[in-house]
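Working notes for the structure below.
All heavy atoms count here, side chains included; hydrogens, waters and symmetry mates do not.
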Amino acid sequence: MNLNQFTLKLQEAFQSAQELAGEKSHAELSALHVLAALLAQPDGVTRSILSRLGAQPDAVAADVASLLDQRPSVQGSPGQQTYLSNDLRAAVTRAEKRRKEMGDDYTSVEHFLLGLVDGASGDLKSLLGKHGLDE
């Protein structure tokens, strides 16, 4: 994963997601953290895309927040290392594959959302299905 090949908005989302994981004392940075960060971007495209797909962005954001609150937290030394979860690695890999297939130079929020939806599992798959979000 090369953050330099991400658009600025996606880079900002990853940074915000890492901060969110730290605030919640989560050891893993997951796809849900990044989705929460994308939904929190006031001038991002995620809310617009979800609305166009018939989902309610506020409801999706509330469900993402609820799922994040259910995740286990770790107590330890400040500044502990946050690791990328397997679901986030897979979503990024799929997003980068989409970028290449589309002939784009940078991995964008749109690529990431497609990578997120394609192959989602567990809580994320349930959340997406609940809101009627698919490829």
Closest heavy-atom pair and its distance - [X], [Y]:
{"X": "A36", "Y": "V64", "value": "CB-CG1, 3.7 Å"}
{"X": "L116", "Y": "L128", "value": "O-CD1, 4.2 Å"}
{"X": "A17", "Y": "A37", "value": "N-CB, 3.8 Å"}

Nearest 0.5 Å, what's the [atom1]-[atom2] distance between [X] and [Y]?
{"X": "T107", "Y": "K97", "atom1": "OG1", "atom2": "NZ", "value": "14.0 Å"}
{"X": "L50", "Y": "L35", "atom1": "CG", "atom2": "CG", "value": "7.0 Å"}
{"X": "R71", "Y": "S85", "atom1": "CZ", "atom2": "OG", "value": "6.5 Å"}
{"X": "Q15", "Y": "L10", "atom1": "CD", "atom2": "CG", "value": "12.5 Å"}
{"X": "L67", "Y": "L124", "atom1": "CG", "atom2": "CG", "value": "8.5 Å"}
{"X": "Q5", "Y": "R99", "atom1": "CD", "atom2": "CZ", "value": "4.5 Å"}

Are [X] and [Y] side-chain neighbours, meaning at least one heavy-atom pair lies under 4.5 Å?
{"X": "L88", "Y": "F112", "result": "yes"}
{"X": "V34", "Y": "V92", "result": "no"}
{"X": "K9", "Y": "D43", "result": "yes"}
{"X": "L114", "Y": "R94", "result": "no"}

Salt bridge R98-D104, side-chain N to carboxylate O under 4.0 Å: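 No, this pair does not count.
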N-O pairing of R47 and D58 below 4.0 Å: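 So R47 pairs with D58 through a salt bridge.
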Aromatic ring pairing F14/F6, orientation class (parallel under 30°, perpendicular over 60°, tilted between): tilted
Qualifying residue for side-chain contact (heavy atoms from CB on, under 4.5 Å) with L127, from H131, K125, K130: H131
L53 reachable from V60 in the ILVMFWY side-chain graph, under 4.5 Å edges: yes
Check: R89 main-chain N/O paired with T93 side-chain donor or acceptor under 3.5 Å: yes
E28-S30 side chain donor-acceptor pair, cut-off 3.5 Å: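 Judged by distance alone, the side chains do not pair up.
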From CA spacing to verdict: side chain to side chain contact (heavy atoms under 4.5 Å, CB included), L113, V45: CA-CA 10 Å; L113 292 173; V45 298; 5.5 Å; no
Heavy atoms of other groups near E19 CD, more than 12 under 6.0 Å: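 Enclosed: over 12 neighbouring heavy atoms sit under 6.0 Å from CD of E19.
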